[in-house]
Amino acid sequence: MSYFADIEPVRFKGRDTDDPLAYRFYEPGRQVMGKSMAEHLRIAICYWHSFVWPGTDPFGGQTFERPWFGDTIDAARAKADAAFATFRILGTPFFTFHDRDAAPEGASLKECRANLDAIAEVFEAKMAETGVKLLWGTANLFSHRRYMAGAATNPDPAIFAYAAAQVKAAMDVTHRLGGANYVLWGGREGYETLLNTDMKRELDQMGRFLSMVVEYKHRIGFSGTILIEPKPQEPTKHQYDYDVATVFGLLQRFGLEREVKVNIETGHAVLAGHSFEHEIATAAALGIFGSCDINRNDYQSGWDTDQFPNNHPEVALAIYYILRAGGFTTGGFNFDAKLRRQSIEPQDLIAAHVGGIDTLARGLLSAAAMVEDGGLEGAVADRYAGWEADWAREALAGRSDLASLAARAESAPEPQPRSGRQERLENWVNRFV
Ligand code: XLS
Ligand code: NI
Ligand code: NI
C-alpha cells in the first residue's frame, strides 16, 4: 500500500535506540513469567480511530486526508488494505471493529448486511494470509440519528428491533471471523434528562436485550466472551453501565453474571472517578474481568480524549492487577486510542502505536518484576493474617453470630491498631517502575 510505502516493519532495537519507529521494550517472543510478551498483552489495533475517524472535533471538520476515505464498498476495501498494512508494519496480532467502520451503511438493513458480508469476506482472506486475528467485533448503535434516544433503551420498540437486527448481523460476522469476544458499548443507553425518561422500563429493556444477545450466542455456538464496556457518561448525560460495579449489579439482576464480563477502558474509569486499576481489581474481585481498552485521558479536560497511553508507571500498576487476576484469557489490550487532529502524517499513526505498545511492554516488565518479588502480595497477606485463626474463619463461614462474637470480644484483650504502611508500599512500587 503506497500510503505507508516508505515505512519499514517496526523492529525491536533495544532501550537505547534513537530510531523513532523501533520498539525499545516490545519483544513479542520474549518470555515473561512463562509466557511470551505477545501472549500476555494480546494487542489489538482498532479500526474506528485509526482508519475511520477524520480528525473532527466539536469546533472543526476533517483534518486527515486518507486515500481510503469514502462511503463505498471500494473505499471499504481500500481501508481494509490500509488496516492490514498497518498491522503488518506494527507486527500486532489482533484487530477490532464496529460493523459500520468496516462497511458502509446501506439504504436498507438488507443492504447493510450485504455490505458487511462482502467486507467479512475480505477480512477472512486477509486474516488467513497474515495470521492476524479478531479480538472482538461490535455494532455501532450510537452514530446514526435513529439511535439518538438509545438502542436497547429506546422509547420506540421499532428501534429496539432494529438494534436487534444490527447486533445479530454483527455477532454473525464476529462468529464467522472467529472473534475471541463480542463487545457491547451502550453509548446512548442512558438519558439526557430524567424528565422524559422511564428509568425502570429502560433498565428492563436493557436487561432483555442483553439476555437475547446471550441466548443468540449459544444458539449460533459462538464460543467467545460477551463483554460490556462500562462508561459513566458522554455522549449522554448518564449511562446505565456507569462503571464495573454498576454493570455487575445489572448482570446479577438479570441472572447474567456468569455469562457476561467487562471490557474496561482506562479513560472511562477516569470519567467515573476511579483509577484504571480500581476497575480491574473490582472486576477481578467479582469474577467478571474480561478485556481492556487501553488509552489515557487528559486529566484536565473531563472528556474521553482517547490518547495513546504513555505513562509507564500507571500502566505497570494496572498490569500488576491483571497478572494477579491470572492475566487475559479471551481478552487483550485494544488500542481504543486516537491521534491528535494535527498528527496528519502516515508516520504519526505508526509512531503513536509504537509508543503505546512500548508503554504496555515496559509496564508488563515492571509488573512481572513486582509479582516475582512478591513484596506487595506478602504485605497484603500479612495485613489479613489474623483471619487465618479458627474462630475468625468460623465467623466468616457463618458459624457465629453477633452475640457469640460479642461474648468473645468482651473477654479478649483490647485489639491493637497496626500501621497500613502506605508510604513504604508506594516506595516499594517505585523500585520497579
Ligand atoms: C467509546 C467507546 C467505544 C467502544 C466501542 O467511548 O470506548 O470506542 O470501545 O464501541
Ligand atoms: Ni472503548
Ligand atoms: Ni471510550
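If you read the sequence from its start, that first residue is 1, and numbering goes on from there. Atoms within each ligand, like the ligands themselves, are counted from 1 in listed order.
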J.: Out of curiosity, Leu339 CG to His49 NE2, how far, rounded to the nearest 0.5 Å?
T.: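 Between Leu339 CG and His49 NE2, I get 10.0 Å after rounding to 0.5 Å.
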
J.: Restricting to N, O or S atoms of Asp304, which is nearest to the Ni ion (ligand 3)?
T.: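 Going through the N, O and S atoms of Asp304 one by one, OD2 ends up nearest to the Ni ion (ligand 3).
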
J.: Suppose we screen for salt bridge (charged side-chain N to carboxylate O under 4.0 Å, His left out). Which residues come up paired with Asp19, at least two apart in sequence or across chains?
T.: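 For Asp19, the residues satisfying salt bridge (charged side-chain N to carboxylate O under 4.0 Å, His left out) (neighbours in sequence not counted) are Lys13.
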
J.: Do Phe94 and Phe87 make the cut of ring centroids closer than 6.0 angstrom?
T.: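 No, the ring centres sit 6.0 Å or more apart.
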
J.: Quick one: salt bridge (charged side-chain N to carboxylate O under 4.0 Å, His left out) pairs with a partner in residues 338-358, sequence neighbours left out?
T.: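 Sorted result for residues 338-358: Asp57-Arg341, Asp306-Lys338.
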
J.: To the nearest 0.5 angstrom, please state how far the OG1 atom of Thr266 sits from the CZ atom of Phe333.
T.: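 So the OG1 of Thr266 and the CZ of Phe333 are separated by 8.0 Å.
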
J.: Short question: side chain of Asp373, backbone of Ala369 - any donor-acceptor pair under 3.5 Å?
T.: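 Looks like no, no N/O pair under 3.5 Å.
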
J.: Excluding waters, which protein N, O or S atoms are within less than 2.8 Å of the Ni ion (ligand 2)?
T.: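 Only Glu229 OE2, Glu265 OE1, Asp293 OD2, Asp336 OD2 fall inside 2.8 Å of the Ni ion (ligand 2).
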
J.: Scan Tyr47, Phe142, Trp136 and name whichever one has a ring pair (Phe, Tyr, Trp, His ring centres under 6.0 Å) with His98.
T.: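 When ring pair (Phe, Tyr, Trp, His ring centres under 6.0 Å) is applied between His98 and each of Tyr47, Phe142, Trp136, only Phe142 qualifies.
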
J.: Show me a pair-per-line table, with atom names and distances to 0.1 Å, of protein N or O atoms that are under 3.5 Å from an N or O of ligand 1.
T.:
| unit_1 | atom_1 | unit_2 | atom_2 | d |
| --- | --- | --- | --- | --- |
| ligand 1 | 6 (O) | Lys231 | NZ | 2.8 |
| ligand 1 | 6 (O) | His268 | NE2 | 3.0 |
| ligand 1 | 6 (O) | Asp304 | OD2 | 3.0 |
| ligand 1 | 7 (O) | Glu229 | OE2 | 2.7 |
| ligand 1 | 7 (O) | Glu265 | OE1 | 2.6 |
| ligand 1 | 7 (O) | His268 | NE2 | 3.2 |
| ligand 1 | 7 (O) | Asp336 | OD2 | 2.7 |
| ligand 1 | 8 (O) | Trp48 | NE1 | 3.2 |
| ligand 1 | 8 (O) | Asp336 | OD2 | 2.9 |
| ligand 1 | 9 (O) | Glu229 | OE1 | 2.7 |
| ligand 1 | 9 (O) | Glu229 | OE2 | 2.8 |
| ligand 1 | 9 (O) | Asp293 | OD2 | 2.9 |
| ligand 1 | 9 (O) | Asp336 | OD2 | 2.9 |
| ligand 1 | 10 (O) | His98 | NE2 | 2.7 |

J.: Considering non-hydrogen atoms only, spot the tightest contact between Phe254 and Leu203 and give its length.
T.: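 Scanning both residues, the minimum pair turns out to be CZ-O, 3.3 Å.
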
J.: Identify the heavy atoms of Leu256 and Gly207 that sit nearest to each other, and give their distance.
T.: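 The pair with the smallest heavy-atom distance is CD1-O, 4.5 Å.
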
J.: Which atoms form the tightest heavy-atom contact between Gln205 and Phe160, and what is the distance?
T.: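 Answer, listing the atom of Gln205 first, then Phe160: O-CE1, 3.6 Å.
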
